[in-house]
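Here it is, the structure, as structure tokens.
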Amino acid sequence: MSAFIEFLGNISWWGWILIILALVAIRDVFIQKRHTISHNFPIVGHLRYWLESIGPELRQYLVANNREELPFNRIERSWIYASAKKENNYEGFGTDRDIYAHQHVFINNAMMPFKIEGDHPNVKDHTFLPCAKVIGLHHKRKKPFRPASVINVSAMSFGSLSAKAVESLNKGVKIAGAYHNTGEGGLSPYHKHGGDVIFHFGTGYFGVRDKNGQFSMKKLVKLVEENPFIKAIEIKLSQGAKPGKGGVLPAKKITKEIADIRHVEMGKDVLSPPSHSAFSNVQEMVDLIEAIAEKTGLPVGIKAAIGKLDQWEELANIMKNTNKGPDFITVDGGEGGTGAAPPSFADHVSLPWVYGFSDLYKLFQQHDLTERIVFIGSGKLGFPAKAAMAFAMGVDCINVAREAMMSIGCIQAQVCHTNRCPSGVATQNKWLQKGINIPLKSERLAQYFKTFRKEFLEITHAAGYEHPCQLQMSDVDVNVDDQYLSKELDKTYHYQKTPVPFSNMASIQDCPYLGGISK
Ligand SMILES: Cc1cc2nc3c(=O)[nH]c(=O)nc-3n(C[C@H](O)[C@H](O)[C@H](O)COP(=O)(O)O)c2cc1C
């Protein structure tokens with residue numbers, strides 16, 4: 001035995017390397033049966049798998065140009081990072097975009113910009129930009145709500161995001177006077193740090209479900225009574241990344257905390273079916289909306305990605321005939337994000353935002369309903385020029401999900417579905433979350449929102465207006481094809497926006513329903 005140990009001790013370091021390589025080669029050729037490449041090319045085949053696994057990082061850091069990556073290119077990400085850190089977010093020497101490219105957007109500037117002077121609210125606060133409409137006013141809800149910020153945090157659950165990320169977002173919206181949408185995973189303790197909250201539920205009814213997984217009005221009413229910072233309720237019909245796709249919360253992911261927040265049992269898989277059990281048709285959905293509004297006093301809206309229009313037509317008819325229905329509609333684009341979705345859904349099901357929203361807005365306009373509804377848009381709209389286009393098309397507010405994640409440190413690693421998010425934002429791994437400094441990250445979210453609002457106001461003023469709700473379709477052009485190069489939005493999407501009633505910013509400042517800290 002001692003001779004054998006002595007023999008091993010005499011093997012040089014390169015001898016050990018040769019032995020290990022020989023063992024790997026034996027495993028590749030004779031033992032493993034899963035990988036043909038490793039079998040046919042023992043040892044070197046591993047190099048191919050390794051390069052493939054680090055390919056995304058190599059391309060992101062070294063190869064891709066500034067405007068090449070998706071969902072968000074380097075210039076877009078850098079703008080969010082710099083804005084969130086209050087660093088210099090300008091670019092020098094002029095644009096590096098091909099401004100003749102298809103779908104490029106231009107805002108038509110006025111000869112002379114809108115002037116803010118005297119005691120105008122924006123003289124004191126360059127970032128004051130509340131929603132021009134009050135949610136729930138038309139339907140005379142008991143507690144109407146005017147969002148104090150036109151940019152807000154979109155639905156993302158505790159569960160898909162880490163506890164520290166959710167807490168950073170909530171504290172951030174409080175500083176910025178925006179609202180925070182809970183996402184489907186219920187109201188967690190991390191949503192209770194003072195920001196306005198929109199409580200969102202989907203087909204799993206997490207946080208407001210009974211023992212059989214059915215919607216419980218009693219639980220919703222209790223939740224709203226106990227948490228007065230909940231300003232509105234959103235019923236999720238679908239989201240752009242996976243419309244009509246249900247989900248499973250596997251038993252092994254259900255911790256005691258998640259079970260308590262979502263009102264689910266531990267040790268059992270929990271299903272979110274593709275469709276709602278609380279209603280089966282459009283009329284029943286309207287009845288549920290009205291019942292929730294009546295019982296909670298809060299405005300109630302729906303969130304959806306757009307495809308076919310027949311059921312929306314039915315909704316518009318019901319709204320017109322009964323004066324009932326959603327107080328707000330959140331339109332999510334097919335380009336929207338998700339914690340996890342099959343690529344076949346994320347890439348192909350539901351329309352991109354511009355097509356989906358324009359179809360829907362036109363339909364509600366034909367029924368003379370646009371003034372009753374607060375339209376919220378989401379789908380990569382968290383950039384001032386994109387938002388200007390969305391407002392010109394008829395939105396009253398925008399929601400941002402991934403842009404908000406980036407402002408608190410997300411690096412677009414695109415591994416939200418693996419629980420291995422390196423920035424700690426979209427993982428439940430305690431170690432990975434440890435690096436998140438909540439006071440710093442909440443300031444960053446707030447600063448991103450404030451910088452966004454400041455630049456958005458500057459663009460609005462350049463177009464000759466006081467508030468972005470005044471932007472009309474003809475104020476924005478989009479490159480549509482080679483023949484005409486660019487067309488105004490109304491000529492591209494074939495409608496004119498209904499003017500939003502707006503007197504001036506000072507009157508909004510005094511609104512009794514104004515949310516956030518600007519009150
Ligand atoms: C991590 C993550 C989780 C999400 N969770 C939900 C959800 O629970 N419910 C929902 O309706 N949308 C959810 N979404 C979609 C977003 O709310 C939003 O509609 C979409 O990402 C488009 O916005 P964005 O382009 O600013 O990211 C999620 C998105 C992400 C990235």
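Every number for a ligand or one of its atoms is a count from 1 in the order of the listing. Just so it is clear, the structure is predicted and the values come from calculations on it, not from any experiment.
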Considering only distance and modelled atom types, tabulate donor-acceptor pairs under 3.5 Å from the side chains of residues 376-392, sequence neighbours left out.
| from | atom 1 | to | atom 2 | distance (Å) |
| --- | --- | --- | --- | --- |
| Ser378 | OG | Asp332 | OD1 | 2.7 |
| Lys380 | NZ | Pro71 | O | 2.9 |
| Lys386 | NZ | Lys380 | O | 2.8 |

For Phe279, enumerate each residue passing the ring-ring contact (aromatic ring centres under 6.0 Å, His included) test, keeping only those at least two apart in sequence or located in another chain.
->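 Scan of Phe279 (ring-ring contact (aromatic ring centres under 6.0 Å, His included), adjacent residues dropped) gives His276.
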Measure up the Trp79 and Phe452 rings against each other and bin them: parallel (under 30°), tilted (30 to 60°), perpendicular (over 60°).
->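 Judged by the thresholds at 30° and 60°, the geometry between Trp79 and Phe452 is perpendicular.
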Donor-acceptor contacts under 3.5 Å from residues 256-269 side chains, at least two apart:
| from | atom 1 | to | atom 2 | distance (Å) |
| --- | --- | --- | --- | --- |
| Lys256 | NZ | Asp260 | OD1 | 3.1 |
| Lys256 | NZ | Asp260 | OD2 | 2.8 |
| Glu257 | OE2 | Tyr190 | OH | 2.3 |
| Arg262 | NH2 | Phe158 | O | 3.2 |
| His263 | ND1 | Gly207 | O | 3.2 |
| His263 | ND1 | Lys219 | NZ | 3.1 |
| Glu265 | OE1 | Lys268 | NZ | 3.4 |
| Asp269 | OD1 | Ala251 | N | 2.7 |

Salt-bridge contact Glu69-Arg77 (side-chain N to carboxylate O under 4.0 Å) =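 Yes, this pair counts.
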Which pairs of nitrogen or oxygen atoms, taken one from ligand 1 and one from the protein, are under 3.5 angstrom apart?
| from | atom 1 | to | atom 2 | distance (Å) |
| --- | --- | --- | --- | --- |
| ligand 1 | 5 (N) | Ala155 | O | 3.3 |
| ligand 1 | 8 (O) | Ser157 | OG | 3.3 |
| ligand 1 | 8 (O) | Glu184 | N | 3.1 |
| ligand 1 | 9 (N) | His200 | NE2 | 3.1 |
| ligand 1 | 11 (O) | His200 | NE2 | 3.3 |
| ligand 1 | 11 (O) | Lys303 | NZ | 3.1 |
| ligand 1 | 12 (N) | Gln239 | OE1 | 3.4 |
| ligand 1 | 12 (N) | Lys303 | NZ | 3.1 |
| ligand 1 | 14 (N) | Ala155 | O | 3.1 |
| ligand 1 | 14 (N) | Gln239 | NE2 | 3.3 |
| ligand 1 | 17 (O) | Ser154 | OG | 2.8 |
| ligand 1 | 17 (O) | Ala155 | N | 3.3 |
| ligand 1 | 17 (O) | Ala155 | O | 2.7 |
| ligand 1 | 17 (O) | Lys303 | NZ | 3.1 |
| ligand 1 | 19 (O) | Lys303 | NZ | 2.8 |
| ligand 1 | 19 (O) | Asp332 | OD1 | 2.9 |
| ligand 1 | 19 (O) | Asp332 | OD2 | 3.0 |
| ligand 1 | 21 (O) | Gly337 | N | 2.8 |
| ligand 1 | 21 (O) | Gly337 | O | 3.4 |
| ligand 1 | 25 (O) | Lys380 | N | 2.7 |
| ligand 1 | 25 (O) | Arg402 | NH2 | 2.7 |
| ligand 1 | 26 (O) | Ala401 | N | 2.9 |
| ligand 1 | 26 (O) | Glu403 | OE1 | 2.4 |
| ligand 1 | 26 (O) | Glu403 | OE2 | 3.4 |
| ligand 1 | 27 (O) | Arg402 | N | 2.9 |
| ligand 1 | 27 (O) | Arg402 | NE | 2.7 |

Are Thr451 and Ser83 linked by a side-chain donor-acceptor pair shorter than 3.5 Å?
->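 Checked: Thr451/Ser83 side chains show no N/O donor-acceptor pair below 3.5 Å.
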